[in-house]
Amino acid sequence: MENAFEVLKERGFIEQLTHPEEIEELFKNEKITFYIGFDPTADSLHVGHFLTVMAMSHMQRCGHRPICLMGGGTGMVGDPTGKTDMRKMMTVETIDHNVECFKKQLSRFIDFSDDKAIIVNNADWLRNLNYIEFLREIGSSFSVNKMLSADCYKTRMEKGLTFLEFNYMIMQSYDFLELNRRYGCIMQLGGNDQWSNILGGVNLIRVKESKPAYGMTFQLLTNSEGKKMGKTEKGAVWLDPTKTTPYEFYQYWRNVGDNDVEKCLRLLTFLPMDEVRRLGALEGSEINKAKEILAYELTKIVHGEEEAKKADAAAKALFAGGAVSGSIPTTEITNADLCDGIDILSALVTTKLAPSRSEARRAVQQGGVKINEEKITDIEYKITTDTFNDGIVTIQKGKKSFHRIKLS
RNA sequence: GGUUGGGUUCCCGAGUGGCCAAAGGGGGCAGACUGUAAAUCUGUUGCGAUAGCUUCGAAGGUCCGAAUCCUUCCCCAACCA
């Protein structure tokens with residue numbers, strides 16, 4: 001079995017280690033229990049989470065035992081790291097709902113059978129903490145002076161930080177201690193933005209238990225310009241197919257910048273490194289092949305082989321100008337809806353290609369809309385029965401957004 | 001609790017009675033060029049078919065007319081306590 005440390009290192013996951021030599025030694029000799037925390041801030045995981053899930057999966061494949069920690073308790077507080085504003089407080093119901101969604105998604109990527117991985121919720125120990133006891137046992141081990149100098153609070157020192165959020169670091173540190181006591185968890189992994197929070201936990205265990213504990217952080221998924229990836233104008237790229245369709249998901253990766261292809265292949269797929277390097281070295285328009293593979297592989301991991309094939313086929317058909325097939329978004333309408341025809345602006349809005357009639361009009365007037373491959377610049381244009389070919393009309397806005405209307 | 005400075009459209013930020021749906025930048029969208037890339041250039045960017053309607057923390061008020069003036073309230077930051 002491969003050495004997880006080597007795998008993660010070669011694929012470029014690792015950013016910081018609390019104890020480099022000790023950790024390297026540890027991975028050579030032992031199978032460990034480690035954890036990654038997920039705060040349930042939404043009802044689906046997104047690409048940022050996925051990166052850490054991949055790391056977790058690599059670790060598991062190498063024989064280590066992951067703990068997925070659901071932040072049902074920490075979510076009540078909210079991590080201020082990297083946030084410029086305090087985030088909205090979530091209700092308990094929302095948090096618990098989100099935790100359930102996370103659990104379902106995680107089981108796609110992590111093998112929970114036979115205790116090979118466990119999933120726990122820190123609500124179990126955080127929500128009923130006794131304030132005074134907690135302060136005396138845990139609070140006494142933290143220095144406010146030190147905490148204030150932590151990087152994660154820096155932006156908030158200018159913009160304001162509530163006491164609620166200030167406690168987040170302590171909550172997370174306490175989680176690690178709790179997991180150490182309950183499950184013998186000795187390492188915490190996380191995105192690099194979690195560094196200070198992780199350090200807090202490592203130190204706490206070392207102080208309270210006089211036992212070794214380690215932390216490791218991963219590179220954040222940023223593009224070559226240093227901006228976070230996995231974000232679109234509509235928000236995050238979600239793993240939930242109803243929030244980001246497999247086709248959209250595929251397209252996101254098909255369109256990554258040239259300079260980011262190799263990084264994405266390394267971090268987000270299981271392709272062997274030889275292959276990754278070969279694909280990453282492609283130049284000019286050749287690199288499109290690498291992007292196709294990236295999009296396909298990643299969609300396959302997240303949505304399954306069938307969806308990946310559909311998305312792939314749809315993309316090729318649309319962009320090669322061939323027959324329309326596959327899984328591009330489709331809206332069904334009935335003959336009755338059609339009766340006098342649908343004007344083009346309504347069509348753009350109902351298919352969500354445009355958010356409002358005003359924007360739809362602009363798009364048409366600027367020559368950005370095609371119906372059945374034909375450019376339409378008349379905002380009065382109507383889709384009628386004659387527009388349909390075999391019961392289907394394809395609307396295109398811009399170069400990359402397609403939608404079909406199907407007559408049923 | 002006190003003092004000071006603030007809350008403007010997706011974000012940053014100008015605007016201190018009419019010329020303001022609100023400068024400028026970022027971002028977004030569309031077009032050209034391309035490789036479904038990047039960079040660049042052009043157009044566009046509250047809703048609405050026009051009329052018009054809604055927007056400048058909230059609610060009231062003054063005025064022919066308010067993002068701009070007044071009152072109350074809410075929120076934020078810095079300093080003081």
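Below, chains carry the letters A, B, ... as their sequence lines are ordered, and counting in each starts from 1.
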Subject >> Any A:R357 side-chain nitrogen or oxygen under 4.0 Å from OP1 or OP2 of B:C47 >> reply: no
Original post:
With A:F34, which residues qualify under ring pair (Phe, Tyr, Trp, His ring centres under 6.0 Å), at least two apart?
Top reply: none
Original post:
For A:R108, what residues pass the side-chain hydrogen bond (donor to acceptor under 3.5 Å, both in side chains) criterion, not counting sequence neighbours?
Top reply: none
Original post:
Can you list every pair that meets salt bridge (Lys or Arg N to Asp or Glu O under 4.0 Å) and has a residue in residues 189-201 of chain A, with sequence neighbours left out?
Top reply: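 Applying salt bridge (Lys or Arg N to Asp or Glu O under 4.0 Å) to every pair that reaches into residues 189-201 of chain A, excluding sequence neighbours, yields nothing.
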For [X], salt bridge (Lys or Arg N to Asp or Glu O under 4.0 Å) partners two or more places apart:
X      : value
A:K103 : A:E100
A:D343 : A:R357
A:K31  : none

Quick test of your reading: applying ring pair (Phe, Tyr, Trp, His ring centres under 6.0 Å), list the pairs with at least one residue in [range], sequence neighbours left out, ordered by first then second residue.
range                       : result
residues 347-366 of chain A : none
residues 341-399 of chain A : none
residues 267-309 of chain A : A:H58-A:F270, A:F249-A:H303

**OP:** Would you kindly give the CZ-to-P distance between A:R361 and B:C47, to the nearest whole Å?
**Re:**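 My rounded result for the distance is 9 Å.
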Original post:
Whole Å only: how far is the NZ atom of A:K370 from the C1' atom of B:G31?
Top reply: 11 Å
**OP:** Can you sort out which residues in residues 285-295 of chain A have a heavy atom within less than 4.0 Å of RNA chain B? Ascending by number, please.
**Re:** A:S285, A:I287, A:N288, A:K291
Original post:
Counting side-chain heavy atoms from C-beta on, which of B:C47, B:A49, B:A37 comes nearest to A:S358?
Top reply: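 Comparing B:C47, B:A49, B:A37 against the side chain of A:S358, the answer is B:C47.
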Short heteroatom pairs, N/O only, protein and nucleotides 5-7 of chain B, under 3.5 Å:
none

**OP:** Measure from NZ or CZ of A:R65 to the centre of the six-membered ring of A:Y183 and say whether it is under 6.0 Å with the direction within 45° of the ring axis.
**Re:**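 Judged by the rule (NZ or CZ under 6.0 Å from the ring centre, within 45° of its axis), A:R65 is not positioned above A:Y183.
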Provide a list of protein-nucleic acid N or O atom pairs under 3.5 angstrom, restricted to nucleotides 20-23 of chain B.
none

